[in-house]
Amino acid sequence: MVYKSSAAIGLGHSTAQHSRRTAAEMLFALTKPAPLTEQVRSRDGCIYLYRAMRFIGWRPPKSGMLRYVYLTWTVLTFMWCTTYLPLGFLGSYITEIKHFSPGEFLTSLQVCINAYGSSVKVAITYSQLWRLVKAKDILDKLDLRCTSLEEREKIHLVVARANHAFLIFTIVYCGYAGSTYLSSVLNGHPPWQLYNPFIDWHDGVLKLWTASTLEYIVMSGAVLQDQLSDTYPLIYTLILRTHLDILRERISSLRTDPAMTEDENYEALVKCVIDHKQILDYCALIRPVISGTIFTQFLLCGLVLGLTLINVFFFSDLWTGIASFLFVITALLQTFPFCYTCNLIMDDCEALSHALFQSNWIDSGSRYQSTLLYFLHNVQQPIVFIAGGIFPISMSSNISVAKFAFSVITITKQMNIADKFKSE
């Protein structure tokens with residue numbers, strides 16, 4: 001009887017461990033390539049992204065009473081995270097500016113500027129969300145052509161890579177919000193000192209923790225909204241690069257199968273032309289959204305980085321420095337990975353034109369060659385994303401914007417602003 005009870009307890013314990021392990025595996029399953037026996041689509045690379053959108057109130061049900069309940073949640077998140085947050089900073093500066101230390105003020109100011117930019121980016125992304133949804137339909141059309149094991153393996157890899165990228169962004173963004181919250185409260189003040197007419201955090205430890213926790217909840221929602229605006233360009237362009245690579249492989253294999261007739265080779269070329277046009281349609285859909293959000297981020301990047309680095313170098317203690325360092329990483333993640341991907345896309349377009357020119361077309365018929373010349377003319381036009389319709393999004397643009405941060409630091413040192421703040 002004792003043996004039977006022990007076995008039952010052991011079985012229950014192992015079952016509980018298996019359940020926990022299964023839940024964890026299900027949570028992070030999309031960060032690893034699925035086996036080729038499973039059907040995976042390119043749009044699956046956006047699963048984590050759209051789950052977060054649904055959580056924050058961006059993806060309501062299509063019909064039913066639940067839709068109206070959900071829309072109430074949408075209004076609340078926009079009211080608190082998109083509207084109240086930037087205004088809360090302004091109200092705090094009007095009423096509490098005399099109580100800020102230099103480090104507290106810079107910690108607040110760097111996030112305040114980013115909060116205003118984030119509200120603009122969120123408004124652009126949410127108003128143009130239909131473009132991102134429609135772009136997934138084009139991905140479905142491109143997936144229909146991915147029938148070989150090599151092509152399907154590339155789709156599986158990019159799906160895992162895109163979801164993994166979103167998870168990394170989540171860890172860094174949440175790490176910044178959590179570290180700022182804890183380091184500030186342990187130092188005896190709210191993390192961002194937003195304007196709160198109902199709770200005076202000076203009246204005891206309980207009110208300090210209450211006001212700080214409310215700030216953290218509002219900021220967490222804003223951080224998630226900002227993350228959505230920052231990650232969708234990277235995720236969508238990672239998937240774009242994979243389909244460009246698949247198209248390049250198809251072009252390289254044109255007229256290499258001796259068993260195919262000239263008509264069949266011509267049909268394969270036409271299908272490649274159609275694939276390229278669908279890729280261009282995909283880019284045309286997402287380009288207006290990316291243009292607005294990245295332009296807004298470029299306008300703020302240098303100033304935010306400059307203020308954060310001044311805070312780190314001149315005013316931070318250990319824990320505040322860690323939080324500020326995470327904020328620097330967050331600010332760099334907002335532009336650097338996507339700008340780097342844009343450079344790679346331009347290289348992919350160049351490789352595409354080289355593959356087409358070097359394909360086996362010399363002894364083909366006139367109809368094949370005329371179509372190939374038309375295709376080559378279009379392929380030679382690189383896929384470029386323009387920030388605000390003004391300048392191309394690339395690493396050189398990102399570096400030029402980031403240089404402004406060092407200009408801010410130089411001005412601060414030359415004018416001895418940091419020492420003046422400390423003495424006052």
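Shortest non-hydrogen contact noted between Q193 and P190 is CG-O, 3.6 Å. F375 approaches C272 most closely through the heavy-atom pair CZ-O, 3.7 Å. Residues V120 and T296 approach most closely at CG1-OG1, 3.7 Å, considering heavy atoms.
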Inset, instruction - Begin from the C-alpha positions of L280 and H276 and carry the test side chain to side chain contact (heavy atoms under 4.5 Å, CB included) through to its verdict. - result: CA-CA 6 Å; L280 294 181; H276 185 254; 3.5 Å; yes
Legend entry - Worked check of side chain to side chain contact (heavy atoms under 4.5 Å, CB included) between L194 and S92: CA-CA 6 Å; L194 301 176; S92 179; 5.7 Å; no
Legend entry - side chain to side chain contact (heavy atoms under 4.5 Å, CB included) between Q297 and N114, intermediate numbers included: CA-CA 9 Å; Q297 189 57 45; N114 200 65; 4.2 Å; yes
Legend entry - Stepwise side chain to side chain contact (heavy atoms under 4.5 Å, CB included) test for N265 and E262: CA-CA 5 Å; N265 287 324; E262 193 62 30; 4.3 Å; yes
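H243 places a side-chain heavy atom less than 4.5 Å from the side chain of L139. Annotation: side chain of V159 is not in contact with side chain of R41 (no heavy-atom distance under 4.5 Å). Under the 4.5 Å side-chain criterion, counting only non-hydrogen atoms from C-beta, S397 is in contact with S394. Residues M219 and T180 form no side-chain contact, since every pair of their non-hydrogen atoms from C-beta on lies 4.5 Å or further apart. The shortest side-chain heavy-atom distance between S370 and Y374 does not fall under the 4.5 Å cut-off. No side-chain heavy atom of L142 sits under 4.5 Å from any side-chain heavy atom of L247. With contacts defined as side-chain heavy-atom distances shorter than 4.5 Å, the pair F391/S396 does not qualify. Residues E150 and E249 fail the side-chain proximity criterion, which asks for heavy atoms closer than 4.5 Å.
Using cut-offs of 30° and 60° for the angle between ring planes, the F78 and W58 rings count as parallel. Note on ring orientation: taking the six-membered ring where Trp is involved, the planes of W73 and F55 are perpendicular (angle over 60°, cut-offs 30° and 60°). Aromatic ring orientation, W209 versus Y181: perpendicular (interplanar angle above 60°, classes split at 30° and 60°).
Put simply, the side chain of S118 never gets that close to the backbone of A115: no donor and acceptor are under 3.5 Å apart. Between the side chain of S212 and the backbone N or O of L208 there is at least one donor-acceptor pair closer than 3.5 Å.
Side-chain contact check for Q334 and D226: at least one donor-acceptor pair (N or O, by modelled atom type) lies under 3.5 Å. The closest side-chain donor-acceptor pair between S108 and Y93 falls under 3.5 angstrom. Inspection of the Y232 and T293 side chains reveals an N or O donor paired with an N or O acceptor under 3.5 Å. Between the side chains of Y266 and T261, not a single donor N or O lies within less than 3.5 Å of an accepting N or O. Between T256 and N360, the side chains place no donor N or O within less than 3.5 Å of an acceptor N or O (distance only, hydrogens not considered). In this structure, a donor-acceptor pair under 3.5 Å is present between the side chains of T170 and Q227.
Going from atom CG of L234 over to atom CD1 of I168 covers 9.5 Å, rounded to the nearest 0.5 Å. In this structure, L376 CG and W361 CH2 are separated by 9.0 Å, a value rounded to the nearest 0.5 Å. Expressed to the nearest 0.5 Å, how far CD1 of I56 lies from SG of C81 amounts to 5.5 Å. Going from atom CD1 of I246 over to atom OG of S148 covers 8.0 Å, rounded to the nearest 0.5 Å.
Heavy-atom contacts from other residues, nucleotides or ligands closer than 6.0 Å to CE of M79 number more than 12. Counted within 6.0 Å of OH on Y340, heavy atoms from surrounding residues, nucleotides or ligands total 12 or fewer; the atom is thus considered open. By the 6.0 Å contact criterion, CZ on F100 is enclosed, its count of non-hydrogen atoms from other residues, nucleotides or ligands being greater than 12.
Under a cutoff of 6.0 Å and an axis angle of 45°, R255 and Y368 form a cation-pi pair.
Salt bridge absent: R241 and D347 never bring a charged side-chain N and a carboxylate O closer than 4.0 Å. By the 4.0 Å N-to-carboxylate-O rule, K141 lies too far from D137 to be salt-bridged with it. The pair E151-R250 meets the salt-bridge criterion, with a side-chain N (NZ, NE, NH1 or NH2) lying under 4.0 Å from an Asp/Glu carboxylate O. Using a cut-off of 4.0 Å between Lys/Arg side-chain N and Asp/Glu carboxylate O, D230 and K121 are scored as salt-bridged. Taking the charged nitrogens against the carboxylate oxygens, R248 and D348 have no contact shorter than 4.0 Å, which rules out a salt bridge.
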